[in-house]
Amino acid sequence: MRDRKPINLSWLVEKWTLVDEDSYLKNMWLNTESLDFIRINREVVSKEDIESNYIDIDSDVENYVLLPTRDELDEQKLRAAFISRLDRQNRDNFVDSYEGISPSEEFIDKVYELGLDYEWNEFRKKASANILLTWAMDEEIPINKDMEIININKL
């Protein structure tokens with residue numbers, strides 16, 4: 001394997017968060033040489049699947065790696081970790097009116113109501129960065145850690 005130029009973690013987080021924006025997007029594959037992405041709307045989990053279904057990658061399939069899926073980020077744990085890191089006043093305001101009946105929608109409504117959308121988005125990016133950094137290390141992909149990370153499992 002030849003030496004690869006490190007990928008900026010912030011760039012990888014930005015690209016990976018597209019999975020959240022597109023509910024039909026099942027997985028993403030990264031070409032570690034060209035830094036191109038293949039975004040797939042169905043379960044394709046092997047390089048052979050990509051080769052047989054995506055002609056445009058030609059013979060470059062050995063350079064593609066599967067990025068973590070959206071399931072890697074535990075939404076419930078992420079919300080709880082975010083609330084726990086709020087200052088006391090915001091945490092009390094959040095908890096007093098957050099019933100958790102429809103957790104995702106109610107949570108986001110509360111975030112916007114309290115004006116915490118910037119903080120939420122930054123927290124989410126840092127939690128995503130931790131997942132992607134771990135993934136990159138496992139895949140032996142050099143990463144330039146150009147942003148802060150948060151491990152929600154250790155809060």
Side-chain angles (χ1 to χ4, degrees), residues 3-46 50 54 57 63-155:
D3 289 335
R4 296 178 182 154
K5 181 180 173 186
I7 300 170
N8 284 341
L9 184 57
S10 60
W11 177 82
L12 198 54
V13 167
E14 177 187 329
K15 299 300 182 188
W16 190 64
T17 54
L18 291 174
V19 173
D20 285 336
E21 294 171 9
D22 183 352
S23 62
Y24 294 104
L25 194 59
K26 298 293 184 205
N27 54 48
M28 293 175 63
W29 290 76
L30 169 68
N31 183 310
T32 57
E33 295 297 318
S34 67
L35 300 183
D36 291 332
F37 285 94
I38 294 178
R39 294 169 179 88
I40 302 174
N41 292 337
R42 58 190 176 86
E43 293 297 325
V44 173
V45 293
S46 74
I50 287 182
Y54 295 90
I57 68 166
N63 292 320
Y64 280 89
V65 291
L66 178 63
L67 274 87
T69 64
R70 76 174 81 216
D71 299 335
E72 295 293 321
L73 191 56
D74 183 329
E75 292 293 329
Q76 184 174 355
K77 192 178 281 187
L78 183 68
R79 291 188 298 266
F82 176 73
I83 292 170
S84 74
R85 292 188 52 142
L86 293 174
D87 63 56
R88 184 174 181 196
Q89 181 180 358
N90 277 325
R91 187 174 52 246
D92 289 347
N93 286 339
F94 214 106
V95 172
D96 287 346
S97 60
Y98 179 59
E99 297 174 19
I101 295 168
S102 176
S104 182
E105 294 83 5
E106 184 182 344
F107 176 85
I108 293 299
D109 289 347
K110 197 63 168 159
V111 163
Y112 281 99
E113 181 183 316
L114 294 173
L116 297 171
D117 45 310
Y118 175 80
E119 290 84 353
W120 166 246
N121 289 327
E122 289 302 304
F123 186 82
R124 189 173 175 75
K125 284 179 191 176
K126 291 173 185 177
S128 297
N130 181 66
I131 291 167
L132 290 167
L133 181 61
T134 301
W135 165 82
M137 290 175 9
D138 290 346
E139 293 289 339
E140 299 179 355
I141 298 170
I143 291 288
N144 177 25
K145 189 177 166 192
D146 64 340
M147 66 180 292
E148 184 182 343
I149 64 169
I150 293 174
N151 184 341
I152 62 172
N153 296 315
K154 293 189 177 183
L155 292 180

Let me see the working for Ser104 and Arg79 under side chain to side chain contact (heavy atoms under 4.5 Å, CB included), right down to the final yes or no.
CA-CA 9 Å; Ser104 182; Arg79 291 188 298 266; 4.0 Å; yes
State, with a plain yes or no, whether a side-chain heavy atom of Leu73 is found less than 4.5 Å away from one of Ser128.
yes
Nearest heavy atoms of Ile152 and Asp74, plus distance in Å:
CD1-O, 4.1 Å
About how many Å separate CG of Leu67 and CD of Glu72, when rounded to the nearest 0.5 Å?
10.5 Å
According to salt bridge (charged side-chain N to carboxylate O under 4.0 Å, His left out), who are the partners of Glu119, at least two apart in sequence or on a separate chain?
none
Quick one: closest heavy-atom pair of Val65 and Ile141, and the distance?
CG2-CD1, 3.8 Å
When rounded to the nearest 0.5 angstrom, what distance separates CD in Glu33 from CG in Asn63?
4.5 Å
Applying side chain to side chain contact (heavy atoms under 4.5 Å, CB included) to Thr17 and Arg124, what does each step give before you reach the verdict?
CA-CA 9 Å; Thr17 54; Arg124 189 173 175 75; 6.0 Å; no
Rounded to the nearest 0.5 Å, what separation is found between the CG atom of Asp117 and the CD atom of Glu122?
11.0 Å
Between Asp87 (side chain) and Gln89 (backbone), is there a donor-acceptor pair under 3.5 Å?
yes
Any side-chain heavy-atom pair from Ile150 and Arg85 closer than 4.5 angstrom?
yes
Can you tell me if Asp146 uses its side chain to pair, donor with acceptor, with the backbone of Leu9 under 3.5 Å?
yes
Assess the residue pair Asn93 and Leu86 against the criterion (side chain to side chain contact (heavy atoms under 4.5 Å, CB included)); give the C-alpha distance rounded to whole Å, side-chain angles, the decisive distance to 0.1 Å, and a yes or no.
CA-CA 10 Å; Asn93 286 339; Leu86 293 174; over 6 Å; no
For a quick test of reading the model, state the closest non-hydrogen atom pair linking Ala129 to Glu148 and the distance between them.
CB-O, 4.2 Å
Taking ring-ring contact (aromatic ring centres under 6.0 Å, His included) as the criterion, tell me which of Trp29, Trp11, Tyr64 meets it with Phe37.
Trp11
Any heavy-atom pair between the side chains of Leu116 and Val111 that's under 4.5 Å?
yes
Which heavy atom of Ser34 sits nearest to which heavy atom of Asn31, and what is that distance?
N-OD1, 2.9 Å
Within 6.0 Å of CD in Gln76, more than 12 heavy atoms from elsewhere:
no
Side-chain contact, heavy-atom cut-off 4.5 Å: Asn153 with Lys77?
yes
Quick one: NZ on Lys15 to CG on Leu132, what's the gap to the nearest 0.5 Å?
13.0 Å
Aromatic rings Phe107 and Trp120: how do their planes relate, parallel, tilted or perpendicular, breaks at 30° and 60°?
perpendicular
Which atom of Trp135 lies closest to which atom of Leu66, heavy atoms considered
NE1-O, 2.9 Å
How many angstroms lie between CG in Leu35 and CD1 in Ile7, if you round to the nearest 0.5 Å?
5.0 Å
Straight-line distance of Asp92 CG to Ile83 CD1, nearest 0.5 Å
11.5 Å
